[in-house]
Amino acid sequence: MTAAQAVLLAVVVLPATVGAVLALTRAERAAAPVAVATAAVTTVLAAVAALARPALAYPFVAGADFALEADALAALTLPMVAGVTLLVLVFAAGSIRAARPRFHGLMLLFAAAALTTVTAASLPALLFAWELMGATSYALIGFWWRDADRVSAGLTAFITTRTADLGLYVAAGAALAGGAGMALSALPAAESPWRHVIAAGILVAALGKAAQLPFSFWLSGAMKGPSPVSALLHSAAMVAMGGYLLLRVEPLLASTGWAGPAAAWIGAVTAVLMGFVALAQRELKQLLAASTVAQLGFVVLAAGVGAVSGGAAHLVAHASTKALLFLAAGAWLTALGTEELAALRGAGRRWRVVGVSATVGALALAGIAPLSLWATKDAVLAAALEASAWLYAAGLVAAALSAAYAGKVLWTIWYRGVRAEAQEGGTGGVGVLEQVPLVVLAVGAAALGVLALPPVSTTLAQAVGGHGEVAAAELLVSAAIALVVLLLMLRLRVPEPGWAVRWLGLEAAAHAVVVRPSLGLAHALARFDDLVLDRAVTAAAGAVPVLARAAARFDDRALDTGVEATAHAADATGRGAARLDDDVVDGAVEGLAGRVRRLGQLARAPQTGAVHQYFLQAVAVLAVGVMVWSVYAVMG
C-alpha cells in the first residue's frame, strides 16, 4: 500500500473508529475536543487525498471489489464534506450540552459514511456507505430520543429514504446480470435491458436521499433534530449525496436516453415547487429545509443535462451557504428559544456577527452577484438552455423564487422597530464557538462561485465533464432577476402561497397511498394469524394432553402388568439403571437445557421491539466491519 492509498483509507477509517469509540463511552468533557481534533485531522487528510488522487480496491465478493477512489469529482467534494463537518462540530462544541459522546460519535460515524460515499468507486462500497449514512441519520435526527415527535421524525426520514434505497439493491443485481461488473465507471457498458434497470434503481435511490419529488416531505420532519445535525445532513452530506451520486453516474444516465431527461425534469419541477414551499414557511428551519430541496433540484437538473462541472460547483457552494444558514438558525434558536420567523424580527441587529454572516448566506442563496450561487446556478442554467428552452425557463422561475425566499429571511432578521427577545428556554446569548464557524462559512458562501467562472470553470469542466463557459448575457439576466425580486420582497412583501405551507400535502399523500394500505394489510394478516393460525396451533396443543392421557392409561392397564412381572427379577439392575438415569443422563439433559435456556435469554435481550435500538446495533456491526476491513487492508 502506498502512502497516498494509506491517506485515503485513513480519511474513511479515522472518523469511523473514533466515532464508534465515542458513541460507546461516557467521556462528556473529552468528547467535543476529541471529535473536533479528529475532524481537523480528517480535513487535512482529505485535502492531501484530493491532491494525490489515490485509488485502492480489495476483493469483496466474486466479480466485485470494495473500491475507493479520489478522482477529480471526489477531489472537489471530499475536502468540502470534511471541512463542513469540522465547522459544524466546532459549533456543536458550544451548543450541545448533554449526551456529548453519543452526539459527537454519531456525527463522526455519519461523516465517515458520507466520505466513503464520495470516494466509492464500486457498488459494494457505495451500498456499505449508503446504509451506514441512513442508519446514523436516523439516530441523529431522533437524537433527543425522549421526545416521541423527534424519534417519529427520524423514523419517517429513515423509512422514506430506506424505501428509495432499495433501488440500489435492484441496480446491484442488474449490474451483475448485465455482465459489466459492479464498478461505477463500468455501469454504462452493461447489456440492455439491464442498463436501464441499473439507471432506474440508482435514480430512485438518489432522488430519495436528495429529497426530490415525490420524497421531499421527509426533510420537513428531519428539522426536529438538533441544528448542527441539520447543518451537516442537509448541506454537505445526506441530501447532498443524492445529487452527488447522480453527478457521479451521469454517463450511465446519458447512455439510456431517458434517465437523463427524467432527472432533469424532476430536478427542475422540484426546484420550482419547493421554492414555493420555502416561500410559504413561517419557521426559519422549515424555510431552509425546503430551499435545500429546491437548490438540490439544480444539482439533479445538472446531472440530467450533463453539466457535471456546474452541478459539482453548485453542490460545493450550496454546502457552504446552507451550512452557514442552518448554523445561524441554530444560534438564534439557542439564544431566543424559537425559530418562528415572527419572533426572529430584528435578530440580525442584536447579534451582529450572526446577522452579517447570515446576510452573506442569504444574498448568496438569492443569487446576487458576485456571490457564489449566482455563478454556479447559471452554469447549470446555461446547460439547461442547450437541452431545452422549457427547462431553462423553469430554472429561471426557480432562481427567482430563490431570491424571494432569501429576501423573506433578510426582511425578517433586519426588521426595524422590533427587538428579538429570548423566550422560555432561550439562553439570551451566542458563544464564540458558535460564531467562528459562521464567519468561515460566510467566506465560502461569498467566494466559491469562482468554481463556475473562467478560468477555473474551464479547468473543472475538463476534469469532470460538462460546460466550461457561461455567456455574459445569461449571467446578467440571472443577476438582474435576482436583484429585482429581492428588492420587491424587501419593499413590498409579496403574499405567501398558503397552498404550499404543508409541503404540497406530500406526507398526507404518502400516508393515504402507502402507510394506511400497509397498516391495513398488517392488521388483516394479524387477524388471520390470531383467528386461523393461532387457533390451529392451540387446537393441536390441546390434543397433545388428550393423547398423552390415553397413552398413560394404556401404559397403566397393559404394559405395567408385564413390567411388574419382570421388575422383581431385575430389581437390583433397575435400581442401578435408575441411579444412572438420575445421576448421569438426567444431569446431562438438565445441564444442556440450562445452557440452552441461558442462550435463549441472551438471544432475547436485544429483541426489544424498539426500532432505534435495532439500528444502533446495525451501526455497531457496521463500525466493527469497518475496523476489521481496515485492519485487513493494512495487513494486506
Side-chain angles (χ1 to χ4, degrees), residues 149 153 156-157 160 210-224 227 230 234-235 239 266-298 300 318 321-322 325-326 328-329 332-333 338-345 347 358 361-367 373 377 394-415 481-482 484-512:
D149 288 341
T156 298
T160 304
Q212 300 294 285
L213 292 173
F215 304 103
S216 307
F217 64 89
W218 72 261
L219 201 62
S220 174
M223 293 302 102
K224 294 181 180 178
S227 294
S230 301
H234 309 136
S235 63
V239 183
I266 291 173
V269 172
T270 299
V272 172
L273 292 180
M274 297 312 295
F276 282 112
V277 171
L279 188 59
Q281 299 308 303
R282 300 183 179 95
E283 295 181 357
L284 180 55
K285 285 182 68 175
Q286 288 292 323
L287 185 155
L288 296 177
S291 74
T292 295
V293 181
Q295 295 301 316
L296 263 293
F298 283 100
V300 175
H318 174 261
T321 301
K322 197 53 63 67
L325 291 172
F326 269 120
W332 284 322
L333 176 60
T338 181
E339 59 183 77
E340 293 283 344
L341 287 172
L344 293 178
R345 291 181 179 180
L363 290 174
L365 187 62
L373 296 184
K377 202 177 300 179
L396 283 181
V397 172
L401 288 168
S402 300
Y405 54 70
K408 182 177 180 178
V409 173
L410 290 171
W411 183 88
T412 298
I413 64 176
W414 293 109
Y415 184 81
I481 291 175
V484 169
V485 172
L486 183 66
L487 291 176
L488 287 175
M489 285 298 300
L490 293 176
R491 293 182 176 273
L492 301 180
R493 298 291 296 140
V494 176
E496 298 172 350
W499 54 270
V501 171
R502 298 187 177 276
W503 286 63
L504 310 178
L506 292 172
E507 186 169 6
H511 276 271

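Note that this is a predicted model, so its numbers are computed, not measured. All values below were derived from every heavy atom in this structure, side-chain atoms included, with hydrogens, water molecules and symmetry-related copies excluded.
- Separating the CG atom in Leu273 from the CD atom in Gln212 is a distance of 11.0 Å, to the nearest 0.5 Å.
- For Ala294, the side-chain contact (heavy atoms from CB on, under 4.5 Å) partners are Met274, Tyr405, not counting sequence neighbours.
- Side-chain atoms of Thr321 do not come within 3.5 Å of backbone N or O of His318 as any donor-acceptor pair.
- Residues Trp218 and Val293 fail the side-chain proximity criterion, which asks for heavy atoms closer than 4.5 Å.
- The shortest distance between side-chain heavy atoms of Trp411 and Arg345 falls below 4.5 Å.
- Gln281 CD to Arg502 CZ: the interatomic distance, rounded to the nearest 0.5 Å, is 10.5 Å.
- Val272 and Ala394 get closest at one heavy-atom pair: CG2-O, 3.4 Å.
- In this structure, the side chains of Lys377 and Ser402 come closer than 4.5 Å at one or more pairs of heavy atoms.
- One distance of note links CG of Leu490 with CG of Leu486; it measures 4.5 Å at 0.5 Å rounding.
- Note that NZ of Lys224 is 4.5 Å distant from CG of Asp149, once rounded to the nearest 0.5 Å.
- Minimum interatomic distance between Pro497 and Ala280 (heavy atoms only, all atoms of both residues): O-CB, 3.1 Å.
- Nearest heavy-atom pair, Leu325 versus Ala362, reported as atom, atom and distance to 0.1 Å: CD2-N, 3.9 Å.
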Is there a side-chain contact (heavy atoms from CB on, under 4.5 Å) between Leu296 and Thr270? Walk through the geometry before answering.
CA-CA 9 Å; Leu296 263 293; Thr270 299; over 6 Å; no
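- A search for side-chain contact (heavy atoms from CB on, under 4.5 Å) contacts involving Ser220 returns Gln286, Trp503, not counting sequence neighbours.
- Listed for the Thr160 side chain is no donor-acceptor partner under 3.5 Å among the backbone atoms of Ala157.
- Annotation for Gly367 and Ala482: closest pair O-CB, 3.6 Å, computed over non-hydrogen atoms.
- Counting heavy atoms from C-beta on, the side chains of Met223 and Leu288 never come closer than 4.5 Å.
- The shortest heavy-atom contact between Ala289 and Leu219 is O-CD2, 3.3 Å.
- Distance CG/Leu341 to OG1/Thr412: 4.5 Å, rounded to 0.5 Å.
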Could you walk me through whether Leu410 and Leu363 pass the side-chain contact (heavy atoms from CB on, under 4.5 Å) test, one step at a time?
CA-CA 8 Å; Leu410 290 171; Leu363 290 174; 3.7 Å; yes
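- The shortest heavy-atom contact between Ala278 and Ser291 is CB-N, 3.9 Å.
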The test is side-chain contact (heavy atoms from CB on, under 4.5 Å); show your working for Thr156 and Phe217 and say whether it passes.
CA-CA 9 Å; Thr156 298; Phe217 64 89; 4.1 Å; yes
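- Within the 4.5 Å cutoff, no side-chain heavy atoms of Leu333 are placed close to those of Glu283.
- Rounding to the nearest 0.5 angstrom, the gap separating the CZ atom in Arg282 from the NZ atom in Lys408 is 7.0 Å.
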Evaluate the side-chain contact (heavy atoms from CB on, under 4.5 Å) criterion for residues Leu373 and Phe298: first the C-alpha distance (whole Å), next the side-chain angles of each, then the deciding distance (0.1 Å), finally the verdict.
CA-CA 11 Å; Leu373 296 184; Phe298 283 100; over 6 Å; no
